[in-house]
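The structure appears right after this line, and notes come after that.
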Amino acid sequence: MNPPSKTLNATQAEQVKWMKLAIRAAEKARGTCSPNPFVGAVIVKNGKMIAEGWTQSYGGDHAEVQALAKAGKDARGADMYVTLEPCSHQGKTPPCTQAIIAAGIKRIYLGILDPNPLVHGKGVLQLQEAGIEVVPGVLAEEISRQLEYYLCRVHNRRPFVIWKAALSLDGKYAAQDGSSHWISGERSREQVHRLRQEADVVLTGIGTVLADDPLLNVRLKNAFKQPLRAVLDPLLKLPPDSRIARSMNDFPTLVFCARGKEHTMRAKILAALGAKIQPVTAIGNILSLQEVLGILHQQGHCLVLLECGSKLASAFFAARLVDKCLIFYGPKLLGGNKAMLAELNLPDISSALNLQDLSCKASGEDLLVSAYPVYDWHGDSS
């Protein structure tokens, strides 16, 4: 972690200044380039930024190459700040290291090493062997947080899972009669659509489909993409006249079911409507969440947004598969017994699931709480 800004010397402050611009450039690619990480790069010469770049859609230029193309001949003798170690292997695009070397970059300031075994340390070594100075670890902690989806994909071989919930201040997801429109306000609902646009997959359970008949698409004025909609439906109860089923030709939809159910008439009906039917292992009517995420990983997805009811959310927490919580608290008290995570078996206070790195901010009239679960319990969480 970098020391507080007031203790930085002039050289460190300069490094932080330019790397922050690279981080900001990376944000322009958030949600657009899976399974590649969204990376930012800036090129600096004589104390001025002469070019910036960010990862293009999958198969397009990486951040470094885009920045070098903008800088042209001025890149020779310049410094480059890049949030993630440049790739050194041939993939969908040529190695970034070769482009950097050919452009005559003098020095690379690096955020973090790429944990991908195809790259890890090899990019740095190639650059150093070509005589380029490499300074690693600039704003490493901040960049690791920015790239948390990608790091989870590489380390855990599954997508990063964000659980999103809209609750009253007393923790209820609905009123006693089951009504829940709208617990959160308009600004929060817009933010949810932005989250969907960022996600590769919006995942829900059949219970939510039957209860709420959601559409689960992005409804922003200038949406740049639609996520894959995934429904966990062990027995294939998804109604053909549901909004999800009727919109399958417009929005990609994957329905996970228990093995053997993919051969039923309901499976054929849903497939004819446009669904992709994916059988997975089930114990009774409970699908293997690890297998579901493994399949999504194989398909190249980095971020899953979990929008579901209490039962499925509890199952994800019990399996320790929720990586981040985003809870929109509306300024309401609903009372009653519609408590979220009621099925999560944490019998006493010592079994409580702790949250870390908690932050709170206003979302219109609502309060948005962001936090990361710490799975250190010792009791029965099944």
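Treat the numbers as computed from the prediction; the structure is a model and nothing was measured. All heavy atoms count here, side chains included; hydrogens, waters and symmetry mates do not. Sequential numbering from 1 along the given sequence is applied to the chain's residues.
Two residues are said to be in side-chain contact when any heavy atoms from C-beta on lie closer than 4.5 Å; Leu341 and Tyr173 fail this criterion. Between Lys106 and Asp79, some side-chain heavy-atom pair lies under the 4.5 Å cut-off. Using a 4.5 Å heavy-atom cutoff, the side chains of Arg153 and His297 are in contact. Between Ile162 and Val304 there is no side-chain heavy-atom pair separated by less than 4.5 Å. At a threshold of 4.5 Å between non-hydrogen side-chain atoms, the residues Leu110 and Pro86 count as touching.
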* **side-chain contact (heavy atoms from CB on, under 4.5 Å) evaluation trace for Leu228 with Leu296** => CA-CA 10 Å; Leu228 173 68; Leu296 295 176; 4.2 Å; yes
* Evaluate the side chain to side chain donor-acceptor pair (under 3.5 Å) criterion for residues Thr204 and Glu307: first the C-alpha distance (whole Å), next the side-chain angles of each, then the deciding distance (0.1 Å), finally the verdict. => CA-CA 5 Å; Thr204 195; Glu307 293 195 52; over 6 Å; no
* To do: For side-chain contact (heavy atoms from CB on, under 4.5 Å), just list the numbers for Cys87 and Asp114, CA-CA rounded to whole Å, side-chain angles, deciding distance to a tenth of an Å, and then say yes or no.
  => CA-CA 8 Å; Cys87 66; Asp114 191 334; 5.8 Å; no
* With side-chain contact (heavy atoms from CB on, under 4.5 Å) as the test, would you mind laying out the steps for Leu220 and Gln197 before giving the verdict? => CA-CA 9 Å; Leu220 297 172; Gln197 182 173 242; 3.7 Å; yes
* Asked: Yes or no on side chain to side chain donor-acceptor pair (under 3.5 Å) for Asp213 and Ser242, after CA distance, side-chain angles and deciding distance?
  -> CA-CA 6 Å; Asp213 195 20; Ser242 64; 4.6 Å; no
* Asked: When you look at Leu68 and Ile100, which way does the side-chain contact (heavy atoms from CB on, under 4.5 Å) test go after all the steps?
  -> CA-CA 8 Å; Leu68 289 169; Ile100 292 168; 4.1 Å; yes
* To do: Please step through side chain to side chain donor-acceptor pair (under 3.5 Å) for the pair Ser351 and Asp348, ending with a clear verdict.
  => CA-CA 5 Å; Ser351 303; Asp348 52 46; 2.9 Å; yes
* Determine, step by step, whether Glu343 and Ser310 satisfy the side chain to side chain donor-acceptor pair (under 3.5 Å) criterion, reporting the C-alpha distance in whole Å, the side-chain angles of both residues, the deciding distance to 0.1 Å, and the verdict. => CA-CA 7 Å; Glu343 295 82 5; Ser310 178; 2.5 Å; yes
* Run the numbers on Glu27 and Arg30 for salt bridge (Lys or Arg N to Asp or Glu O under 4.0 Å), then give the verdict. => CA-CA 5 Å; Glu27 285 297 320; Arg30 181 182 285 270; 2.7 Å; yes
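Around atom CZ of Arg259, more than 12 heavy atoms belonging to other residues, nucleotides or ligands sit under 6.0 Å away. Within a 6.0 Å radius of NZ in Lys237, other residues, nucleotides and ligands contribute 12 heavy atoms or fewer. The environment of Lys276 atom NZ is sparse: at most 12 non-hydrogen atoms of other residues, nucleotides or ligands sit within 6.0 angstrom. Under a cut-off of 6.0 angstrom, the local environment of CD in Glu365 is sparse, with at most 12 non-hydrogen atoms contributed by other residues, nucleotides or ligands. Atom CZ of Arg187 sits in a sparse spot, with 12 or fewer heavy atoms from other residues, nucleotides or ligands closer than 6.0 Å. The environment of Arg24 atom CZ is sparse: at most 12 non-hydrogen atoms of other residues, nucleotides or ligands sit within 6.0 angstrom. The number of heavy atoms from other shown groups lying within 6.0 Å of CD (Gln290) is above 12. Other residues, nucleotides and ligands place more than 12 heavy atoms under 6.0 Å from the CG atom of Leu333.
Closest approach of Val138 to Ile143, counting heavy atoms only: O-CD1, 3.6 Å. Nearest heavy atoms, Val135 versus Glu133: CG2-OE2, 3.8 Å. Annotation for Ala51 and Ala67: closest pair CB-O, 3.4 Å, computed over non-hydrogen atoms. The heavy-atom pair separating Ser168 from Leu334 by the smallest distance is CB-CG, 3.8 Å. What you find for Ile183 and Lys332 is that their closest heavy atoms are O-NZ, 3.2 Å. Residues Gly205 and Val231 come closest through the heavy atom pair C-CG1, 4.2 Å.
For the ring-ring contact (aromatic ring centres under 6.0 Å, His included) with Trp163, the qualifying choice from Phe316, Tyr372, Phe328, Phe317 is Phe317, the only one to do so. Screening Lys20, Met19, Met49 for a side-chain contact (heavy atoms from CB on, under 4.5 Å) with Val42, the sole residue that qualifies is Met49. A side-chain contact (heavy atoms from CB on, under 4.5 Å) with Asp200 is found for exactly one of Pro227, Pro35, Pro159, Ser34, namely Ser34. With Val369 as the fixed residue, the side-chain contact (heavy atoms from CB on, under 4.5 Å) test singles out one of Cys360, Cys325, Ser359: Cys360.
The cluster map of Ile, Leu, Val, Met, Phe, Trp and Tyr, joined by side-chain heavy atoms under 4.5 Å apart, puts Val124 and Ile101 in the same cluster. Hydrophobic clustering, with ILVMFWY side chains joined whenever heavy atoms are under 4.5 angstrom apart, keeps Val292 apart from Ile286. Linking Ile, Leu, Val, Met, Phe, Trp and Tyr whenever their side-chain heavy atoms come within less than 4.5 Å puts Leu358 and Val161 in one cluster. By the rule that hydrophobic residues join a cluster once side-chain heavy atoms approach within less than 4.5 Å of another member, Leu113 and Leu84 end up as members of one cluster. In the hydrophobic clustering of ILVMFWY residues, with side-chain heavy atoms under 4.5 Å counting as a link, Leu195 and Leu215 come out apart.
In this structure, Glu190 pairs ionically with Arg194, as a charged nitrogen and a carboxylate oxygen lie closer than 4.0 Å. Under a 4.0 Å N-O distance rule, the pair Glu85/Lys122 does not qualify as a salt bridge. Using a cut-off of 4.0 Å between Lys/Arg side-chain N and Asp/Glu carboxylate O, Glu52 and Lys70 are scored as not salt-bridged. Between Asp212 and Arg243 there is no salt bridge, since none of the side-chain N atoms of the basic residue sits less than 4.0 Å from a carboxylate O of the acidic one. Using a 4.0 Å cut-off between charged side-chain N and carboxylate O, Asp233 and Arg266 make no salt bridge.
Note that the CD atom of Glu142 and the CG atom of Leu147 stand 11.0 Å from one another [nearest 0.5 Å]. Note that CD1 of Ile295 and NE2 of His301 are 10.5 Å apart. Values are rounded to the nearest 0.5 Å. With values rounded to the nearest 0.5 angstrom, Leu312 atom CG is found 9.0 Å from Leu287 atom CG. Distance check, rounded to the nearest 0.5 Å: OH of Tyr150 to NE2 of His155 gives 9.0 Å. The structure places CG of Asn156 at 7.0 Å from CG of Asp323, a figure rounded to the nearest 0.5 Å. Separation of atoms CG (Leu203) and CG (Leu232) is listed at 4.5 Å; rounding is to 0.5 Å.
At a cut-off of 3.5 Å, with distance as the only test, no side-chain donor of Thr55 or Asn36 sits close to an acceptor on the other residue. For Gln278 and Glu262, the side-chain atoms include no donor-acceptor pair closer than 3.5 Å. The closest side-chain donor-acceptor pair between Thr97 and Ser88, if any, does not fall under 3.5 angstrom.
A donor-acceptor contact shorter than 3.5 Å links the side chain of Arg196 to the backbone of Asn217.
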